[in-house]
Amino acid sequence: MSIAQERKLAGEVPGPASRALEERRRRAVPRGVGTMTPVYAAAAHGAVIEDVDGNRFIDFTGGLGVLNAGHTPPSVVQAVKEQVERYLHTCQHALMNEPYVAVAEALNRITPGDYDKRTFLVNSGAEATENVVKIARAATGRQGVVVFDNAFHGRTLLALAMTGKVSPYKQGYQPFPSEVYRVPYAYCYRCPFHLTYPDCGIACADYVEEEIKVHVGPQNVACVIVEPVQGEGGFIAPPPGWLERIADMCRRLDIPFVADEVQSGFGRTGTLYATEQHPGVEPDFTLSAKSLAAGLPLAAVTGRAELMDAPGPGGLGGTFGGNPLACTAALATIELFEHGDLLDRAKRMGETLGRRLRDMGERHRVVGEVRGLGAMMALELVNDRATKEPAKEAASQVVAETARQGLLTLKAGIHDNVVRILAPLVMEEQLLEEGLDILDRALGVAG
Ligand SMILES: Cc1ncc(COP(=O)(O)O)c(C=O)c1O
């Protein structure tokens with residue numbers, strides 16, 4: 001269903017139909033399932049979501065990074081409809097299907113790294129991060145996993161052990177699997193060493209190497225897992241040279257390097273994968289999920305053939321992994337990225353976001369930092385620019401106020417004080433500017 005690409009407020013937000021659904025939800029769904037805005041979708045297309053009360057919202061949430069190609073892209077919907085008529089499921093362990101193999105071939109071709117690859121399909125980002133650890137352990141015979149501060153790698157128990165933020169993600173779910181070692185990320189706005197780039201000489205990368213050498217032992221490390229731009233951590237884009245240093249360290253210490261591109265991948269940063277913007281960085285594994293299948297659940301571990309083939313037959317899998325509907329959607333989505341203009345749109349969106357957000361940063365004292373890469377941009381909010389005290393309340397106020405005005409936004413950040421933008425890349429410039437006008441007004445209310 002195609003809906004007009006324009007904002008429309010039919011009444012208050014949330015309206016009566018959303019409020020009634022929220023009441024039903026309270027009785028049926030555990031409160032642990034958090035939702036940023038209490039409105040309920042009726043239809044969505046392109047960059048606009050219509051709710052059950054007839055309000056039409058400009059979407060800066062993109063289904064949490066899943067809808068880079070837009071809501072219901074016609075070619076993806078058509079491909080899924082055709083697949084629905086053929087078969088819904090076979091299960092990779094019972095009998096294979098062609099869409100699974102075609103997605104594996106496509107990802108082997110388009111992920112960073114010019115080497116022989118294999119791809120294994122699962123249902124979610126968390127399953128991808130869990131499985132890459134299994135594969136790296138099988139390939140190296142080592143146990144350790146090195147992860148970073150502020151990281152988010154999912155909510156299942158091993159993925160949660162790799163995730164950095166205690167509350168609300170980890171609190172109460174201990175104990176976690178062992179052999180997970182955490183080191184600092186290049187979070188320059190809150191540099192753990194109180195240094196300033198570039199004078200710091202990227203000392204945090206030296207620290208990571210020293211930690212691995214002294215406290216873990218490279219001979220014990222199965223893999224280092226890095227988000228090229230941290231997502232849930234607050235859209236933290238490391239400074240030029242940092243990812244190169246980490247990748248180089250992995251090469252010298254002979255440790256497999258995993259790029260978790262679950263959120264930064266599929267065009268979000270202006271290239272298909274964010275790693276592509278770091279010359280010479282060639283991950284041994286790349287993880288894809290979110291926007292890979294335009295809304296259908298699909299995730300992938302792609303890696304060097306010799307590493308990926310380490311687990312024996314039957315050692316990898318799952319009932320639903322590589323579901324044919326999701327694979328068909330992924331093939332149509334990949335086609336859109338390879339032969340459409342989504343990457344150009346991501347670059348243009350990134351330019352507009354950079355210009356408008358920097359301007360907001362100059363005018364609103366609540367904005368501590370404007371940052372990101374390409375169309376993966378965010379504002380970190382602070383109560384005081386000198387102390388950088390995180391403005392968690394202000395971030396919640398911005399999300400609530402933008403929703404009242406017809407724009408859906410999301411928070412992020414280790415301190416819950418970041419407003420991030422994950423707008424579908426198909427959003428027309430005029431709608432993007434209108435959404436940014438609303439964000440600007442909401443910052444005025446919150447600040
Ligand atoms: C970088 C990264 N890795 C892993 C995950 C987990 O993905 P999922 O929620 O599909 O399990 C996420 C989710 O936000 C993510 O951003």
Side-chain angles (χ1 to χ4, degrees), residues 32-36 61-68 111-112 120-134 136 145-165 168-170 173 180 182 185 187 223-238 243 246 257-269 272-275 283 285-302 318 320-323 326 329-330 333 372-378 410-414 416 418 420-422:
V33 182
T35 305
M36 216 82 54
T61 72
L64 239 166
V66 170
L67 301 160
N68 290 353
T111 48
F120 162 51
L121 299 177
V122 288
N123 305 289
S124 67
E127 266 190 273
T129 58
E130 295 253 348
N131 275 287
V132 80
V133 172
K134 284 174 60 179
V145 182
V146 173
V147 296
F148 288 83
D149 289 349
N150 324 311
F152 188 91
H153 297 295
R155 293 172 180 271
T156 51
L157 276 174
L158 174 57
L160 207 46
M162 298 192 279
T163 286
K165 187 172 169 181
Y169 302 137
K170 302 174 80 159
Y173 306 130
V180 175
R182 193 170 305 284
Y185 197 78
Y187 187 4
C223 60
V224 170
I225 305 190
V226 189
E227 291 164 84
V229 180
Q230 287 191 322
E232 303 303 303
F235 282 21
I236 305 168
L243 200 68
I246 299 297
F257 173 81
V258 182
D260 180 348
E261 293 251 26
V262 167
Q263 192 154 169
S264 58
F266 268 77
R268 180 47 46 193
T269 66
L272 195 54
Y273 290 91
T275 314
F285 297 96
T286 297
L287 308 183
S288 313
K290 292 200 185 270
S291 282
L292 165 61
L296 273 82
L298 188 68
V301 181
T302 303
F320 288 116
N323 167 270
T333 308
L373 186 66
M376 190 170 181
M377 296 285 297
L410 281 172
K411 286 193 301 178
I414 200 79
D416 243 359
V418 174
R420 62 174 147 167
I421 298 176
L422 285 167

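Both counts, for ligands and for their atoms, begin at 1 and track the order of listing. Residue numbers start at 1 and run along the sequence shown.
When only non-hydrogen protein atoms are considered, atom 16 (O) of ligand 1 lies nearest to Gln263 NE2, 2.8 Å. Protein heavy atom nearest atom 3 (N) of ligand 1, with residue, atom name and distance: Asp260 OD2, 2.7 Å. The shortest contact between atom 8 (P) of ligand 1 and any protein heavy atom is with Gly125 N, 3.4 Å. In this structure, atom 11 (O) of ligand 1 lies nearest to the protein heavy atom Ala126 N, 2.8 Å. The single protein non-hydrogen atom nearest to atom 2 (C) of ligand 1 is Phe152 O, 3.2 Å, given as residue, atom name and distance.
With hydrogens and angles ignored, the 3.5 Å screen pairs no side-chain donor or acceptor of Thr269 with any backbone N or O of Leu373. With Arg182 contributing its side chain and Thr163 its backbone, the two residues share a donor-acceptor pair below 3.5 Å.
No part of Glu261 comes within 4.0 Å of ligand 1, judged by heavy-atom distances. At a heavy-atom distance under 4.0 Å, only side-chain atoms of Lys290, from C-beta outward, approach ligand 1.
Short contacts between ligand 1 and Glu227, defined as distances under 4.0 Å to a heavy atom of the residue, involve ligand atoms 1 (C). Below 4.0 Å from some heavy atom of Ser124 lie the following atoms of ligand 1, by number and element: 10 (O), 11 (O).
For the 3.5 Å distance criterion, the side chains of Ser264 and Glu227 fail to qualify, holding no donor opposite an acceptor. Defined by atom type and a distance below 3.5 Å, a donor-acceptor pair is present between the side-chain atoms of Thr156 and Glu130.
In this structure the side chain of Ile225 reaches within 4.5 angstrom of the side chain of Val145, judged on heavy atoms.
The nearest pair of heavy atoms linking Ala293 to Ala329 is O-CB, 3.5 Å.
Exactly one of Arg420, Arg155, Lys165 qualifies for a salt bridge (charged side-chain N to carboxylate O under 4.0 Å, His left out) with Glu232. That residue is Arg420.
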